[in-house]
Peer 1: 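Have a look at this one.
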Amino acid sequence: MVDRTYQPGGDAKAISTIAKTHFSGDYAKMFEHHSWPERGADMMRKVQTRVVETYGSVRAFQDHFSKDKP
């Protein structure tokens with residue numbers, strides 16, 4: 001079960017965990033998979049925004065990928 005109690009930085013940690021488990025820790029692969037345009041340093045500045053735009057929330061992002069185990 002996914003921990004639903006977020007601490008400061010919890011959104012970033014949740015996104016990082018999904019990047020590690022579903023995209024081999026490669027943010028570029030995650031961005032390519034979603035057709036998000038940013039690359040390089042811009043990915044880290046935009047990842048939370050893109051997740052929320054695409055899934056509605058970081059929790060919805062977690063739920064989506066918890067259904068699709070690696």
Side-chain angles (χ1 to χ4, degrees):
M1 174 170 247
V2 176
D3 180 9
R4 299 298 181 173
T5 306
Y6 286 178
Q7 300 297 320
D11 286 350
K13 289 177 187 174
I15 293 168
S16 176
T17 297
I18 291 167
K20 287 176 188 169
T21 59
H22 292 275
F23 299 98
S24 303
D26 189 340
Y27 276 76
K29 286 181 184 177
M30 183 168 67
F31 272 69
E32 289 170 13
H33 172 82
H34 289 94
S35 299
W36 297 333
E38 294 80 18
R39 296 295 180 268
D42 289 337
M43 290 186 299
M44 296 314 291
R45 288 190 283 272
K46 293 294 286 190
V47 67
Q48 288 183 339
T49 299
R50 294 294 183 203
V51 164
V52 172
E53 286 174 351
T54 303
Y55 292 90
S57 69
V58 174
R59 288 188 184 192
F61 181 64
Q62 285 182 291
D63 289 343
H64 175 81
F65 283 99
S66 70
K67 294 175 192 166
D68 181 31
K69 301 278 186 222

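Side-chain atoms are counted along with the backbone in the values below, which use heavy atoms only and exclude waters and symmetry mates. Keep in mind it's a predicted model, so treat the numbers as computed, not measured.
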Peer 1: For Ala12, give me all partners under side-chain contact (heavy atoms from CB on, under 4.5 Å), at least two apart in sequence or on another chain.
Peer 2: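 In terms of side-chain contact (heavy atoms from CB on, under 4.5 Å), with neighbours along the sequence ignored, Ala12 is linked to Gln48.
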Peer 1: List in chain and number order the residues that pass side-chain hydrogen bond (donor to acceptor under 3.5 Å, both in side chains) with Thr54, two or more places apart in sequence or in another chain; answer none if no residue qualifies.
Peer 2: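 If we apply the side-chain hydrogen bond (donor to acceptor under 3.5 Å, both in side chains) test to Thr54, skipping adjacent residues, the hits are Trp36.
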Peer 1: Salt bridge (charged side-chain N to carboxylate O under 4.0 Å, His left out) with Asp42: which residues, sequence neighbours excluded?
Peer 2: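 Checked Asp42 against salt bridge (charged side-chain N to carboxylate O under 4.0 Å, His left out); matches are Arg45.
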Peer 1: Looking only at non-hydrogen atoms, find the nearest pair between Ser57 and Val51 and report the distance.
Peer 2: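 Closest approach of Ser57 to Val51: O-CG1, 4.1 Å.
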Peer 1: Could you tell me the separation between the CE atom of Met43 and the CZ atom of Phe31, rounded to the nearest 0.5 Å?
Peer 2: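 One finds 6.0 Å between CE of Met43 and CZ of Phe31.
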Peer 1: Could you tell me which residues satisfy side-chain contact (heavy atoms from CB on, under 4.5 Å) with Thr17, sequence neighbours excluded, listed by chain and number?
Peer 2: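 Thr17 satisfies side-chain contact (heavy atoms from CB on, under 4.5 Å) with Thr21 only.
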Peer 1: Excluding sequence neighbours, so at least two apart, what forms ring-ring contact (aromatic ring centres under 6.0 Å, His included) with Phe61?
Peer 2: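 Expected list: Tyr55, Phe65.
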Peer 1: Could you tell me which residues satisfy salt bridge (charged side-chain N to carboxylate O under 4.0 Å, His left out) with Glu53, sequence neighbours excluded, listed by chain and number?
Peer 2: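 Partners of Glu53 by the salt bridge (charged side-chain N to carboxylate O under 4.0 Å, His left out) criterion, ordered by chain and then number, come out as Arg50.
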Peer 1: Would Glu32 and Arg39 count as a side-chain contact (heavy atoms from CB on, under 4.5 Å) if you check the C-alpha gap in whole Å, the side-chain angles of each, and the deciding distance to 0.1 Å?
Peer 2: CA-CA 9 Å; Glu32 289 170 13; Arg39 296 295 180 268; 3.2 Å; yes
Peer 1: With sequence neighbours left out, what residues match His33 under ring-ring contact (aromatic ring centres under 6.0 Å, His included)?
Peer 2: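 With neighbours one apart ignored, the set is Phe23.
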Peer 1: With salt bridge (Lys or Arg N to Asp or Glu O under 4.0 Å) as the rule and sequence neighbours excluded, what pairs involving residues 20-30 come up?
Peer 2: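 Listed by first then second residue: nothing to list.
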Peer 1: Is the backbone of Lys13 close enough, under 3.5 Å, to the side chain of Ser16 for a donor and an acceptor to pair up by distance?
Peer 2: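 Flag not set: sc Ser16 to bb Lys13 has no pair under 3.5 Å.
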Peer 1: CD1/Ile18 to NE2/His64 distance, rounded to the nearest 0.5 angstrom?
Peer 2: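 Reported to 0.5 Å precision, the distance equals 9.0 Å.
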